[in-house]
Structure formats: C-alpha cells, structure tokens
Amino acid sequence: FYPTSGGQEHDTGSIGEACVLDVYKENGDIVHVTDKALAPGDYPARIDRERRIRAMQHHTAQHVLSASFLEVADIDSLSANINGDNPSTIDLEVGEVAPEILRRAEAFANNIFFENRDVKSYHVTQDEIARLPVRKPPKVSGLIRVVEVDGFDYTPCGGTHCPNTGMVGLLKIVKTERVNQKLRVHFVAGYQALDYFNAYQDVVQQAAALLETGLDGIPAVLERKLDQLKVAQTELETLRSRLLAAEADQLAASAQTVGSLSLVTA
C-alpha cells in the first residue's frame, strides 16, 4: 500500500478481513493502520482500485501541468498536493498569473494527455541523474526513482502514476488563490474531472429549467432578470418611504392627549 508521502495521500483497502484506514512511513517501515487486529500469518491484501487510479491520474496530471507552466511561461511549481476525491493543487513560484497563461498551460497539458505518451519509471544513480533534464533536483541520495513522461518531463518521484498519459483523460483548472507569495492552482483530472463536469451540468440544467431557457440562454436571461430586480428594488424603496410617511400620519392622528403632551403607542 502506498504510504502518505510526496504530497500524495495513502492507499486504502483491506488485509484479510481488516480494512486499511491509513498508511504511513515510520523509521524506514511502512505502517498499515487497520480497523481490527490481525493475528500473525499470511493474508490476501487488496488495494482500493478506484482510489489508487484517481491518485495515479492526478499525480500524472500534476507532473504534466507543472511541466506545462514551465513550457508556456517559464513558471516553476514549488510544491503539490495530490487528492483523489477533491481537487489537487500545485503552488507556482509567482503570486499572480494572467488568465491567458492558465488557459495555455491547461491546453498544453491536455495535448500531452491526448498524445497518449508513455509514462516510465526507473532508477538511476546520482551520477546518471546529473545527465537527465530533470525538472526538480532529487530529495534523496543513492538510487533515485525517476518518472518520465516520454520526451517531455523527467521528475524524481516515488508516487504512483498512470502507464500512459491517455489514461489521465482530461485536466481542468477549476480555480486559483494566492497563498502568501505563491499562486495555488486547483485542478481536477480523470474520473474526478468527469464528476466535476457532471455536477456542473446538473446545476446548469436546473438553472435553465427554472429560467425557462436553454443552456446558452442562461446569461442573457439572468442579465435581464437582474435589471428587472434593480428596477423593482428602486420602486420598493420609494414605496417604502411613502408607506412610512403614511404610517407616521396615522399614528399622529391616533395620539392620546396626556396633559400637555400627545402620546402615541404602537
């Protein structure tokens, strides 16, 4: 089972009848946290296939997207966080990126996926890695695992990846936010991209039905409705002022005389 490391979350699954809840490294060992104790012995182990594939898709997509920002705008990524159920992120070394650069990097990355390039992993020595065009220097010494997107990206990495870029399917940048002096780019890929588009399609179709228009007509209908709302709000404020004045006159007319004073209660 893959332990949480390198920005990628751990695998889940089962060992015998026990469910694997967490996996982490400790003093060189990989520790599997299960929901029940297991007696010493041999057990069949099964990794959650969908969770693993989603992690593979996003980790491969992250390598390609990071390399694409370098390719189209010479912008390096500093770190990444890989998720299978929520958008993954990369942090760029700059605090702001023009929307056009985001679109170009996204398009460049998707072209790499559509080309269905091989994704290879292999181990090299310290001397051998010095001769490779790696995007990031290795964080370990000795034998170093390199993940190569055929002819495009070389990155020292211990994570799980797809055997080819076509398995990623599609990548979509969903939002950006500034974190300190960095720009965090949130993206979805593979199965999660399909989930994302399905959710948005449901919302848009519901909005179109409520507005009694087609999908393409939503912006125009909303703009018209907002204009009508502004006019109605202006008229409402005018009518509210008139109503308050009329209520004040009615209250004054119903005042009780108490000595030299007029008393109104409401």
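Between Tyr2 and Glu9, the side chains place no donor N or O within less than 3.5 Å of an acceptor N or O (distance only, hydrogens not considered). Residues Asn83 and Ser88 bring no donor and acceptor atom of their side chains to less than 3.5 Å of each other. Side-chain contact of Gln8 with Thr160: a donor-acceptor pair under 3.5 Å is present, judged by distance alone. Under the 3.5 Å distance criterion, with hydrogens and angles disregarded, a donor-acceptor pair is assigned to the side chains of Gln62 and Ser66.
A donor-acceptor pair under 3.5 Å is absent between the side-chain atoms of Thr155 and the main chain of Cys157, judged by distance alone. Counting only distance, with no hydrogens or angles, the side chain of Asn198 and the backbone of Gln201 share no donor-acceptor pair below 3.5 Å. Between the side chain of Asp48 and the main chain of Gly13, no donor-acceptor pair closer than 3.5 Å is present. Not a single donor-acceptor pair under 3.5 Å links the side chain of Ser14 to the backbone N or O of Glu17. Side-chain N or O atoms of Thr60 include one that pairs as donor or acceptor with a backbone N or O of Cys162 at under 3.5 Å. Of the possible donor and acceptor atoms, one in the side chain of Ser241 sits under 3.5 Å from a partner among the backbone N and O of Glu237.
Of the candidates Lys136, Arg117, Arg135, Arg135 is the only one forming a side-chain hydrogen bond (donor to acceptor under 3.5 Å, both in side chains) with Asp153.
You'll find the side chain of Leu171 stays beyond 4.5 Å of the side chain of Val188, heavy atoms only. Side-chain contact check for Gln126 versus Ser141: some heavy-atom pair is nearer than 4.5 Å. Side-chain atoms of Val174 and Tyr196, non-hydrogen and from C-beta on, do get closer than 4.5 Å to each other. Counting only heavy atoms from C-beta outward, the side chains of Val97 and Leu92 approach each other to under 4.5 Å. Side-chain atoms of Lys120 and Val147, non-hydrogen and from C-beta on, never get closer than 4.5 Å to each other. No side-chain heavy atom of Phe1 sits less than 4.5 Å from a side-chain heavy atom of His10. When side chains are defined from C-beta on, His123 does not count as touching Ile144, because their heavy atoms never get closer than 4.5 Å. When side chains are defined from C-beta on, Glu177 counts as touching His186, because their heavy atoms get closer than 4.5 Å.
Around CD of Glu100, the count of heavy atoms belonging to other residues, nucleotides or ligands within 6.0 Å exceeds 12. Environment of CG in Asn180: sparse, with no more than 12 heavy atoms of neighbouring residues, nucleotides or ligands closer than 6.0 Å. The local environment of CD in Glu96 is sparse, with at most 12 non-hydrogen atoms from other residues, nucleotides or ligands closer than 6.0 Å.
Comment: Arg103 does not engage Glu106 in a salt bridge, judged by the lack of any side-chain N to carboxylate O separation of less than 4.0 angstrom. Taking the charged nitrogens against the carboxylate oxygens, Asp11 and Arg51 have no contact shorter than 4.0 Å, which rules out a salt bridge.
If you take CG on Leu251 and OG on Ser262, they are separated by 12.5 Å, rounding to the nearest 0.5 Å. Atom CD of Gln181 and atom CG of Asp91 lie 12.5 Å apart (nearest 0.5 Å). Leu244 contributes atom CG, which lies 11.0 Å from atom CG of Asp249 (distance to the nearest 0.5 angstrom).
Checked against the 6.0 Å centroid threshold, Phe187 and His58 count as a close aromatic pair. Aromatic pair Phe152/Phe108: centroids less than 6.0 angstrom apart.
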